[in-house]
Amino acid sequence: MKAVLLVGGEGTRLRPLTCNTVKAMVPILNRPFLAHLLAYLASHGVDDIVVTLCYLPDRIGGQFGDGSACGVKLTYVMEETPLGTAGAVKNAEPRLDGSFFVFNGDILTDIDLRAMMDFHRRSGAVATIALTPVEDPSAYGVVETAPDGRVKRFIEKPPRHEAPTNMINAGIYVLDASVLDRVPKGQPCMFERQVFPGLLAAGAPVYAFPTTDYWIDIGTPDKYRQVQYDLLEGKCASHLQSARPGGGAAARLDPSAAVDGPVLFGRDCTIGAGARIKGPAVLGDGCTVLDGSTVDRAIIWTGARIGRGATVRDCVIGGKTTVGDGCVIEAGAVVGDSVVVTTGSRVAAGQKVWPDTTL
Ligand code: GTP
């Protein structure tokens, strides 16, 4: 089966993690997010994938090439300026025919794609939209359906109490190539706002594929941490052998250091005397946690150094960042790459620290 992956966005909500890289390449359990997504797609028989690029395009092609190392065939289509979700797929039209998947490139899920494609073919839809339940739909596109699954209405970001359902557009579609006739060439256009409502207005058959399978979009720092907690706790299947607790390397642990819960270490990590690492947590290659520090549910990128007696909790620490002795990094903080947090400093809850700064 064929898919188009949308990975051209700037990932602004994930900054500062996306200042030096694209959302699709941020590390999830020490592997680029896209490696997880490709492994999932391959395991569901999606092996011919067109990747639509815009922001920092060389970051992806340079690493994944023709996709053979991931068991899929990858081709790339570039946008000079962002064309939006539908404009990006229109740009890839010469490579598309029949029915194909479109995937937002920031989603991790266990949705059964073969079942979704079968449903699309049986229902006679021109577009099938996967739906997933969320607790609070007010930040999403809500999709109202008839009892037979046909889509009745799209409601963008409704106030919570006005949403008729908590089923939202999961950012996974099966489309017939004919849908692209409705998308202007070379102009920004969105499926959610223009193309799908246009299909409904024209009376075209648009169906929903509701599912309660695992689904998360990694578009915010909290979700970026959450997906890794979920993978480490087995709430979502990992399709990458190396990205599992115990699938990483063994750290150099001082005999008095303690590791509790699922923790994934990259290569060459060193944990000092009396330090405590509490999972779910991830440490990238070459991380050092010095004596007496506490790392609790943190995601720490390659080459970071946590000083003596520091506390790093429920947060993300960028690559090559140094957290000085006695520092406290509070819950929800996001510290970018190559930051120096000087001795005794505190990074407040939810604070974002831009790369290459000294605090
Ligand atoms: P934010 O800036 O944080 O909203 O992130 P984003 O724009 O990267 O992602 P958003 O959730 O808005 O978009 C969903 C998916 O579509 C992401 O995987 C994006 O990479 C992708 N996307 C968004 N806009 C474009 C675009 O203009 N072109 C392409 N090729 N992909 C896009």
Side-chain angles (χ1 to χ4, degrees), residues 3-26 28 32-38 40-41 46 49-61 63-64 74-96 100-109 111 129-132 134 137-143 154 156-157 168-173 175 180 183-196 215-227 316 334 336 350 352 354:
V4 183
L5 286 191
L6 299 166
V7 293
E10 285 190 45
T12 52
R13 288 166 299 151
L14 208 46
R15 285 181 191 155
L17 301 176
T18 44
C19 288
N20 296 323
T21 190
V22 289
K23 189 157 49 170
M25 295 300 284
V26 295
I28 300 286
F33 174 71
L34 193 56
H36 293 266
L37 183 50
L38 295 179
Y40 158 75
L41 290 170
V46 179
I49 298 166
V50 184
V51 182
T52 65
L53 305 168
C54 191
Y55 176 64
L56 301 177
D58 51 319
R59 301 298 157 95
I60 293 179
Q63 176 139 356
F64 285 93
L74 291 182
T75 50
Y76 299 91
V77 178
M78 268 287 297
E79 287 150 60
E80 303 264 304
T81 56
L83 292 175
T85 50
V89 180
K90 179 75 177 178
N91 202 34
E93 192 174 20
R95 293 156 199 254
L96 301 171
F100 52 87
F101 286 97
V102 174
F103 241 85
N104 279 3
D106 53 0
I107 287 163
L108 206 66
T109 181
I111 289 178
I129 303 169
L131 305 187
T132 187
V134 291
S138 62
Y140 295 96
V142 170
V143 182
F154 296 97
E156 231 4 77
K157 300 190 173 80
I168 62 149
N169 175 348
I172 302 168
Y173 318 120
L175 301 182
L180 298 180
V183 183
K185 208 171 172 179
Q187 285 175 38
C189 182
M190 304 290 281
F191 284 117
E192 308 82 329
R193 295 202 198 104
Q194 286 133 290
V195 180
F196 293 149
W215 178 92
I216 194 167
D217 80 276
I218 63 148
T220 62
D222 287 349
K223 299 277 188 60
Y224 168 72
R225 278 186 295 114
Q226 187 64 49
V227 69
V316 187
V334 189
K352 295 184 177 181
W354 253 240

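Atoms within a ligand are numbered from 1 in the order they appear, just like the ligands themselves.
- The shortest N or O to N or O distance between Glu79 and ligand 1 is under 3.5 Å.
- For ligand 1, the atoms lying closer than 4.0 Å to a non-hydrogen atom of Pro82 are 27 (O).
- Summarising the geometry of Cys189 relative to Pro184, their closest heavy-atom pair is SG-CD, 4.0 Å, with the distance given to 0.1 Å.
- The distance from ligand 1 to the heavy atoms of Glu10 drops below 4.0 Å at these ligand atoms: 8 (O).
- Residue-ligand proximity: Cys54 is placed with every non-hydrogen atom at 4.0 Å or more from ligand 1.
- Each of the atoms 14 (C), 15 (C), 18 (O) of ligand 1 lies under 4.0 Å from some heavy atom of Asn104.
- Using a 4.5 Å heavy-atom cutoff, the side chains of Val195 and Leu175 are not in contact.
- The protein atom (non-hydrogen) at minimum distance from atom 9 (O) of ligand 1 is Lys23 NZ, 3.1 Å.
- Using a 4.0 Å cut-off to heavy atoms of Gly105, the atoms of ligand 1 that qualify are 18 (O).
- The two atoms that bring Ile111 and Tyr40 nearest to each other are O-OH, 2.6 Å, heavy atoms only.
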* Asked: Can you check side chain to side chain contact (heavy atoms under 4.5 Å, CB included) on Phe33 and Val7, steps first, answer last?
  -> CA-CA 11 Å; Phe33 174 71; Val7 293; over 6 Å; no

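- Within the 4.0 Å heavy-atom criterion, the part of Ala88 lying near ligand 1 is the side chain and not the backbone.
- Every N/O-N/O distance between Gly219 and ligand 1 stays at or above 3.5 Å.
- When non-hydrogen atoms are compared, ligand 1 lies under 4.0 Å from the backbone of Arg13 as well as from its side chain.
- Nearest protein neighbour of atom 27 (O) of ligand 1, counting heavy atoms only, is Gly84 N, 2.7 Å.
- Side-chain contact between Ile172 and Thr109 is present, with heavy atoms from C-beta onward closer than 4.5 Å.
- Backbone and side-chain nitrogen or oxygen atoms of Leu53 are examined, and none is located within less than 3.5 angstrom of a nitrogen or oxygen of ligand 1.
- Closest to atom 2 (O) of ligand 1, if we only count protein heavy atoms, is Thr12 OG1, 2.5 Å.
- Backbone and side-chain nitrogen or oxygen atoms of Leu14 are examined, and none is located within less than 3.5 angstrom of a nitrogen or oxygen of ligand 1.
- Looking at atom 24 (N) of ligand 1, its nearest protein heavy atom turns out to be Gly9 CA, 4.2 Å.
- Closest to atom 31 (N) of ligand 1, if we only count protein heavy atoms, is Gly8 N, 3.0 Å.
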Taking only distance into account, with no hydrogens and no angle test, what donor-acceptor pairs under 3.5 Å do side-chain atoms of residues 9-18 form with protein atoms, sequence neighbours excluded?
from	atom 1	to	atom 2	distance (Å)
Glu10	OE1	Arg15	NH2	2.9
Thr18	OG1	Gly11	O	2.8
Thr18	OG1	Arg15	N	3.4

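- When only non-hydrogen protein atoms are considered, atom 21 (C) of ligand 1 lies nearest to Leu6 O, 3.6 Å.
- Closest approach of Cys19 and Trp354 over heavy atoms only: SG-NE1, 3.7 Å.
- A pairwise comparison of heavy atoms in Pro82 and Pro188 identifies O-CG, 4.0 Å as the closest pair.
- Taking each heavy atom of Lys23 and Asp106 in turn, the nearest pair found is NZ-OD2, 2.8 Å.
- Residue Leu83 touches ligand 1 through its backbone alone, judged by heavy-atom distances below 4.0 Å.
- For atom 8 (O) of ligand 1, the nearest non-hydrogen atom of the protein is Gly11 N, 3.0 Å.
- At the top of the distance list for atom 13 (O) of ligand 1, counting protein heavy atoms only, stands Asp106 OD2, 4.6 Å.
- Tested against Tyr173, the residues Phe196, Phe103, Phe100, Phe101 include a single ring-ring contact (aromatic ring centres under 6.0 Å, His included) partner, Phe196.
- Shown here for Ala35 and Phe64, the closest heavy-atom pair between the two residues is N-CZ, 3.6 Å.
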Show me, pair by pair, the donor-acceptor contacts under 3.5 angstrom made by side chains of residues 83-94, not counting sequence neighbours?
from	atom 1	to	atom 2	distance (Å)
Thr85	OG1	Phe191	N	3.1
Thr85	OG1	Glu192	OE1	2.9
Lys90	NZ	Glu93	OE1	3.0
Lys90	NZ	Leu180	O	2.9
Lys90	NZ	Val183	O	3.4
Asn91	ND2	Met78	O	3.0

